[in-house]
Amino acid sequence: MYFLTGWPRRLLCPLKSEEEPFYIQPSSQRFYFALLSETELSIWFSRPSVLIVSYIESAKAAAQFGFYQKAEWKPDDSMIAVATAKGYILLFDVLGGGDDKYLYEPVYPRGSCRVKVTPGYKEEQCAPALSLEMKKPVDLEAPITSVQSLQEDLLVCTADGYLHMLHWDGLGSNGRKAICLTTIPFSLDLQSARGGPSLDLERVYIRCMEYCVTLDGFAVVLSDGRLGFITPLSNIITADQLQGVWAADVTDGTCVAVNNKYRLMAFGCVSGSVLVYMIDTTTGSMQLSHKLELTPKHYPDMYNKTGPVKLICWSPDYSVAIVTWECGGLSLWSVFGAHLICTLGEDFAYRSDGTKKEPIKISSMSWGAEGYNLWVLPNKQERRTQEEQQEEDTVEPPHSSLQAGILQFQFIKSALTVNPCTSNQEQVLLHGEDRLYLTCGDPTQVHSTSDSRTHLHPHDGSPLHPPPNPDSSLSQGLSTLLGHKHWQVVQIHSTYLESNWPIRFAAIDTAGQCMAVAGRRGFAHYSLFTRKWKLFGNITQEQNITVTGGLAWWNDFVVVACYNFIDQQEQLRLYRRSSNLDNTFASVTKLHSDTLLLNVFRDMVILFRADCSICLYSLERKNDSPNPSAHVELLQEVSMSRYIPHPALVVSVTLTSVRTETGITLKAPQQACMAESIMLNLAGQLIMLQRDRSGPQVREKEMPANNKKLLPFCPPVVLAQCVENVWTTCRSNRKKRHLLEALWLSCGEAGMKVWLPLFPRDHRKPHSFLSRRIMLPFHINIYPLAVLFEDALVLGATNETVLYDGLQGSSEPLEALFPYCTVERTSQIYLHHILRQLLVRNLGEQALMLAQSCASLPYFPHVMELMVHVVLEEEATSREPIPDPLLPTVAKFITEFPLFLQTIVHCARKTEYALWNYLFAAVGNPKDLFEECLMAQDLDTAASYLIILQNMEAPAVSRQHATLLFNTALEQGKWDLCRHMIRFLKAIGSGEMETPSPTPTTQEPSSTGGFEFFRNRSISLSQSADSISTGKFSLQKTFSMPTGPSAKGRDAECAENMYIDMMLWRHARHLLEQVRLRDLGSFSAQLGFELISWLCRERNRVARVDDFVSALKKLHKDFLWPFPVIPVGSLSSPLKNGRCRTVLSTRLLKSQSADSLLNSDMDTAPPQAPNANHTWLDGLGQRAKDMDTASSAHSNQDSPQTHDAFLSLLTNKVEECSIGSATDLTETSSVVDGDWMMVDENSSTLSQAELEHISMELANKGPHKSQVQLRLSGVVSVFIAVGLLAFCVVLFVRTRGINHINNLKRCKDSALIEQSVLQVRRSPMLMETTTTKTTDTVAGLGPEEDVSIDPCGGIKAVRVKDKIFSTEVKLRCPIAEGPDSRLNITGELGDTSGAGSCFTD
């Protein structure tokens, strides 16, 4: 299709003249343009766009003949007829330039390889020098209203109601013939025309007339505004051989333009609409096909304000029509009414500052060669107004921008308009005057992702394309076709373009990597792999052929239907892509008639010829020579002369595997590979010829290979009307048979249609009354250029504009009034339209099968939403009652898929609130849907339903469901959702005026707002637990008070905050009861829950540890940590005897902490009863000393001397190796973090038993994240600060940091310690475990030395006498990210600044 690009160019006339051109008429091939001013006739060349010759009438002749008005070319471009105001026809001979043969010619550089040896080569690339010579004028004695050229005659209409037939030479007895309009009988159809004239034509004349070759008649607009069609009953045009039909109920016609390819007549009307008529082949009457008009939906400002239609012009290929009005503006439509572009709206009509532009008024316009340019002559008044403004502003000579000129609008068009081959239907290929626009991806990506066994061609490096597999998908996929919106632009080779302009055909291969173009002579092809063009090496060979029927790709061959000027014969040629472009490597097949269309289906070529016959050829690759060739063989010939009135009416011919009811079975999908039918687009009518299988069938296996005879074709069947393009594929996919075996049609204003196959479900026998195919129409918002069958997408293109106001002012050139135009790629989903059409026709089973086959598409949820939204909008906004609504059926259909709940809520959120009641009346109560989401654990969707409930239900109902969702989100750890729910509950509380839920009578202390992050809070250990428990450490609840005088609103917000805090407290109690410390830490860190104040209140309630064994097991389970193991060799290990072995080497210390190394099953004596005057911790420390003495004594029995242990500084050498995983363990080792270790003076190597013990210790570890979280001393500090020593003991046992228990003696004067001691004493197993580890851990410290807690989890020997708990820590947060991940903290032992950072994940 056609798309506007860039800015219009302006051509300035080199001759100074006060007269300005107002009429333009192209020659038959559109290489020359005749421009008329009042007394001047000029001829312009198309490329280059230059003035060739001008003829200026003398003043005497102008007074005799009058001013020029219209012009018409003779079909062979040898003469021009000019109509004047006083009824004269002036005939001009167009002569060659004589000695000055060329006005412009190219200059080649010295040594150019383009040798000009072919006759006519130079003429085709030069602007010729022409001259004009006027012949004897013809006086018709009446004003001339219309001039129309025939083959040898000139038909002229005059205002006196006559039609004059003139010979172009103007001589002979039959040189002039006149027919009166009143003698032509007019009727509504040809069947009722025998009764004589039925239309009063007195004082009526023909205002506008145009001849239609394919209809063999004249479309006319009468002076009274009525529309008609005059057809001759014989080959001779006489008064008694003419018959006319007229269109009923139309009296405001202004102009007419005919479409020879589609047999259409477009009539412009005073109302601004264009009525497109066709001739009924049965009755001969004029029938309205469609209208071209601006809709008030898209152009509300210009609706009914455009004025009468002034001009209509069909493009040279008859695929689009451009319209202009008396009030100005241009608009482009496709042949069957799809609107493409209009200059009356958006950036065309408004400047960047919002001011409105006046639309440019056009006096005449015409399409250039192949439709790449539109030549436009602006109205005189437009330029005169600008000149007047210029004169007012300055006295200088007129600016060149105001000089009389021609505007040239640049267009690019789809390759489907003139070359609708199958490969072009699967790719979006646009071609302009000198370049190609591709949508395919980067070839390097395609090459890199291809199979590593792909063979490359030795010459150009491109991959050799194997024969396509019928069962494999050849689509490029979404990543290639939809990855970006930019075009891949390929400049056509200038050497080929300069001598063969304009480009007439273009084709791209199925893979989208090779292109071929054909101009006036020869052709050239391009490869994206090599980024190079291939041209004919011999210019003579290039200039000896011209492509007539188009070109296509078959594997790595270019298939060309061309005419050979040397042999004067039509030929079918195949050139191999990788070989040189030369006739030596071509496979040539002679044809018996001119080829008009060409297409390829698998290994077959189908040709449509000028004698209205269709030929099928087989293609076979031959590898019997160094240069592989193709063998072409005629398979079948089908005559269509009985069904086709004119060969030019055939728009496209396609060989497909589509069939109707014969043989569509689920058991034989391989039949989709066979050529079963021919699709013929005959002037917009899609005709199918299917193979006749009614006779006896012979299996292919039983038939000899060389004796196969193709089945004949049945008579044609019309499938659809108003068809512009057809898409089908030869691929097969068992999972997506509906899409791949369907036929896709583009029908202009009617949108698209799909001829969908219907299959029985689960191999069942189909119903006899059920058709095997169904035609489904649907509308899309883009013009389709390609169909992605497996992906259920339509690809297209659209025009976009960019404003440029850099030349504002009185001297603004005319072309600067237009914005810069670009073309962008677009795509649209069509699956929801098809599903809806199937549901409307009660074909829900087929719709379900189709939807299930596409459920894996990434945008399938969006498809479901679109279907619900479209049906909802139509039914809920309908003014009339709907007897059978579709929305309940659609809702029931969506329930078959797991995304039903998400689809409904997403559709509701994107729809107006006024339509919600209608929606949920069909799909169900939103409260029930909310509960289904909770049962399915789909909390995000349930949160979306809360928005629905908030608007449709009372605030109490919303709070009830929000509370339920909040509790569920807390339990599942959906912290983002929890934060949203907190804000949601606050919004409900602040916005509701009813009485809030009752709050507890006892005001419990709460966190500060409940939402400040815990990591930014700290509590000093200097405030003892006693002061906290007695209220010295006070926490007050603060609320975020809204500014305003309403005390009731503040009370409601305070109550809502208390309501939220109660839910948070309840969840925290639940976590602590289950000893889920990991979840408690995440809960506190993510939601900013003030853990310290809450633990202070819960110290004597839920924070008590009654069963230490169960708590320890739950702790292991919560952190996914394995229980410790006892190696067999440890029974005889020296560590068993209590001997303090030296830490072996720096390698070992890097891989294992001191706690793990010294962990052993020591023989301990039963603990003695502690002194009543000492606390339990004192007893624990005393037993540790006793055990140390006992161990030393036992060691002395085996060794003659003892070794003293001492503290040594640990050196971290990363380059040294370690046993086990040094990378993980050194980061969390307590020895490394503590910087100190115990070293034996006489260190020795490890024994086998010790190595076994260490290996098991290294292997018996949990996740690294759990290890980091457990060793974070900030968590322990929290429990110490609030006096929960029981939990501290459990954590110390779990981390084997029993040496930390000695620090609890610092708090022995606190009453909180006594209460915790009573709990710990109840677990003798725990006491025994702690005792076994204490002796060796604190060995070597003097009585005045103490072991302080290292915040990173290790041990650190520090001699402090004046202040025991003072320490300075640089804490590295292993989980938190960002610039604050390393925190510098200075504080007491109870500093909890980093406690929550490890739980943020």
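Being a predicted model, the structure only gives us computed values, none of them experimental.
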Participant: Given 3.5 Å as the limit, does a donor-acceptor pair link the side chain of Trp916 with the main chain of Ala908, or not?
Facilitator: yes
Participant: Got Thr968 and Glu971 here, is their nearest side-chain heavy-atom distance under 4.5 Å?
Facilitator: no
Participant: Ignoring hydrogens and geometry, is there a side-chain-to-backbone donor-acceptor pair from His1067 to Leu970 under 3.5 Å?
Facilitator: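 Yes; judged by distance alone, with no hydrogens or angles, the pair exists.
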Participant: How far apart are the closest heavy atoms of Ala891 and Phe900, and which atoms are they?
Facilitator: O-CE1, 3.9 Å
Participant: Looking at Ser1084 and Leu1080, would you say the former's side chain and the latter's main chain have a donor-acceptor pair under 3.5 Å?
Facilitator: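 No; zero donor-acceptor contacts below 3.5 Å.
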Participant: Answer yes if the ring centres of Phe789 and Trp727 are under 6.0 angstrom apart, and no otherwise.
Facilitator: no
Participant: Check for me whether the distance between the ring centres of Phe966 and Phe984 falls short of 6.0 Å.
Facilitator: no
Participant: Keeping His961 on the side-chain end and Phe930 on the backbone end, is there a donor-acceptor pair under 3.5 Å?
Facilitator: no
Participant: Do the side chains of Asn799 and Thr822 get nearer than 4.5 Å, heavy atoms only?
Facilitator: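 Not touching, per the 4.5 Å side-chain cut-off.
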Participant: Look up atom CG in Leu788 and atom OG1 in Thr729, then write down how far apart they are to the nearest 0.5 Å.
Facilitator: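 Reported value, rounded in 0.5 Å steps: 11.0 Å.
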Participant: Would you say Tyr830's side chain and Ile780's backbone share a donor-acceptor pair under 3.5 angstrom?
Facilitator: no
Participant: Could you please spell out the steps behind the side-chain contact (heavy atoms from CB on, under 4.5 Å) verdict for Met864 and His832?
Facilitator: CA-CA 7 Å; Met864 297 288 102; His832 62 287; over 6 Å; no
Participant: Enter the distance from Leu901:CG to Thr941:OG1 here, rounded to the nearest 0.5 Å.
Facilitator: 7.0 Å
Participant: Decide yes or no on side-chain hydrogen bond (donor to acceptor under 3.5 Å, both in side chains) for Glu749 and His290, but give the supporting numbers first.
Facilitator: CA-CA 8 Å; Glu749 181 188 20; His290 57 278; 5.7 Å; no
Participant: Check whether any side-chain heavy atom of Val890 sits under 4.5 Å from a side-chain heavy atom of Val923, and report yes or no.
Facilitator: no
Participant: Please evaluate residues Arg983 and His980 with respect to the criterion side-chain hydrogen bond (donor to acceptor under 3.5 Å, both in side chains), reporting the C-alpha separation (whole Å), side-chain torsions for both, the decisive distance (0.1 Å), and the verdict.
Facilitator: CA-CA 5 Å; Arg983 289 193 295 269; His980 290 308; 2.4 Å; yes
Participant: Using every non-hydrogen atom in the two residues, find where Leu739 and Cys854 come nearest and quote the distance to one decimal.
Facilitator: CD1-SG, 3.6 Å
Participant: Check whether any side-chain N or O of Thr963 sits under 3.5 Å from a backbone N or O of Arg959 as a donor-acceptor pair, and report yes or no.
Facilitator: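 Yes, the answer is positive, given that a donor and an acceptor are paired below the 3.5 Å cut-off.
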Participant: Closest approach of Ala797 and Thr826, non-hydrogen atoms and distance?
Facilitator: N-OG1, 3.4 Å
Participant: Within a radius of less than 6.0 Å around NE2 of His1070, do more than 12 heavy atoms belonging to other residues, nucleotides or ligands occur?
Facilitator: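 Atom NE2 in His1070 is crowded, with more than 12 foreign heavy atoms closer than 6.0 Å.
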Participant: Using distance alone, with no hydrogens and no angle criterion, decide if Tyr783 and Glu724 have a side-chain donor and acceptor under 3.5 Å apart.
Facilitator: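 Short answer, yes.
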Participant: Quick check for you: to the nearest 0.5 Å, what is the distance between Ser746 atom OG and Lys753 atom NZ?
Facilitator: 11.0 Å
Participant: Within a 6.0 Å radius of atom CD on Glu953, are there more than 12 heavy atoms belonging to other residues, nucleotides or ligands?
Facilitator: yes
Participant: Where do Ile982 and Ile1060 come nearest, in terms of heavy atoms and distance?
Facilitator: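 It is O-CD1, 3.8 Å.
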Participant: Can you check whether Leu929 reaches Val905 side chain to side chain, under 4.5 Å on heavy atoms?
Facilitator: no
Participant: Can you measure from OG (Ser958) to CE (Met952) and round to the nearest 0.5 angstrom?
Facilitator: 11.0 Å
Participant: Is Arg836 salt-bridged to Glu874, going by a charged N under 4.0 Å from an acidic O?
Facilitator: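 Result for this pair is yes, salt bridge flagged.
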Participant: Would a distance-only check, ignoring hydrogens and angles, find a side-chain to backbone donor-acceptor pair under 3.5 Å from Thr895 to Lys892?
Facilitator: yes
Participant: Quick one, Tyr918 and Leu887 - any side-chain contact, counting heavy atoms below 4.5 Å?
Facilitator: yes
Participant: Any sub-3.5 Å donor-acceptor pair from Ser853's side-chain atoms to Leu850's backbone N or O?
Facilitator: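 Between the backbone of Leu850 and the side chain of Ser853 there is a qualifying donor-acceptor contact (under 3.5 Å).
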Participant: Testing the basics here: between Met1 and Ser334, what is the closest heavy-atom pair and its distance to 0.1 Å?
Facilitator: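 Scanning both residues completely, I find the closest heavy atoms to be SD-CB, 4.2 Å.
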Participant: May I ask you to test the Leu743-Val754 pair for a side-chain heavy-atom distance under 4.5 Å?
Facilitator: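 No, too far: nothing below the 4.5 Å cut-off.
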Participant: For Lys927, is there any backbone N or O sitting under 3.5 Å from a side-chain donor or acceptor partner on Asn925?
Facilitator: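 Judged by distance alone, yes, a pair lies under 3.5 Å.
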Participant: Search all heavy atoms of Pro784 against all heavy atoms of Val794 and return the closest pair with its distance.
Facilitator: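 Pro784 and Val794 have their closest heavy atoms at CB-CG1, 3.4 Å.
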Participant: Show your working on side-chain contact (heavy atoms from CB on, under 4.5 Å) between Arg841 and Gln846 and close with a plain yes or no.
Facilitator: CA-CA 10 Å; Arg841 291 161 174 78; Gln846 298 293 326; over 6 Å; no
Participant: Quick check: does any side chain N or O of Gln828 sit under 3.5 Å from a backbone N or O of Asn781, one acting as donor and the other as acceptor?
Facilitator: yes
Participant: Could you check whether the rings of Tyr437 and Trp487 sit parallel, tilted or perpendicular, using 30° and 60° as the cut-offs?
Facilitator: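 Answer is perpendicular, since the angle exceeds 60°.
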Participant: When you check the gap from the basic side-chain N to the acidic O, do Glu790 and Arg731 get nearer than 4.0 Å?
Facilitator: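 Result for this pair is yes, salt bridge flagged.
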Participant: Is any side-chain N of the basic residue among Glu1073 and Arg1066 closer than 4.0 Å to the acidic one's carboxylate O?
Facilitator: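 Answer for the salt bridge query: no.
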Participant: Measure the CH2-OG distance between Trp975 and Ser1082 for me, rounded to the nearest 0.5 Å.
Facilitator: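 Going from CH2 on Trp975 over to OG on Ser1082, the span is 6.0 Å.
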Participant: Tell me, with the steps shown, if Ile829 and Tyr859 meet side-chain contact (heavy atoms from CB on, under 4.5 Å).
Facilitator: CA-CA 9 Å; Ile829 302 170; Tyr859 40 82; 3.7 Å; yes
Participant: With a 4.5 Å cut-off on side-chain heavy atoms, are Tyr945 and Glu932 touching?
Facilitator: no
Participant: Stepwise, does the side-chain contact (heavy atoms from CB on, under 4.5 Å) test hold for Leu294 with His339?
Facilitator: CA-CA 9 Å; Leu294 300 179; His339 195 209; 3.8 Å; yes
Participant: Mind checking whether His862 and Leu866 have side chains closer than 4.5 Å, heavy atoms only?
Facilitator: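 Yes, their side chains come closer than 4.5 Å.
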Participant: Quick one: pull up SG in Cys933 and CG in Leu965 and give me the separation to the nearest 0.5 Å.
Facilitator: 9.5 Å
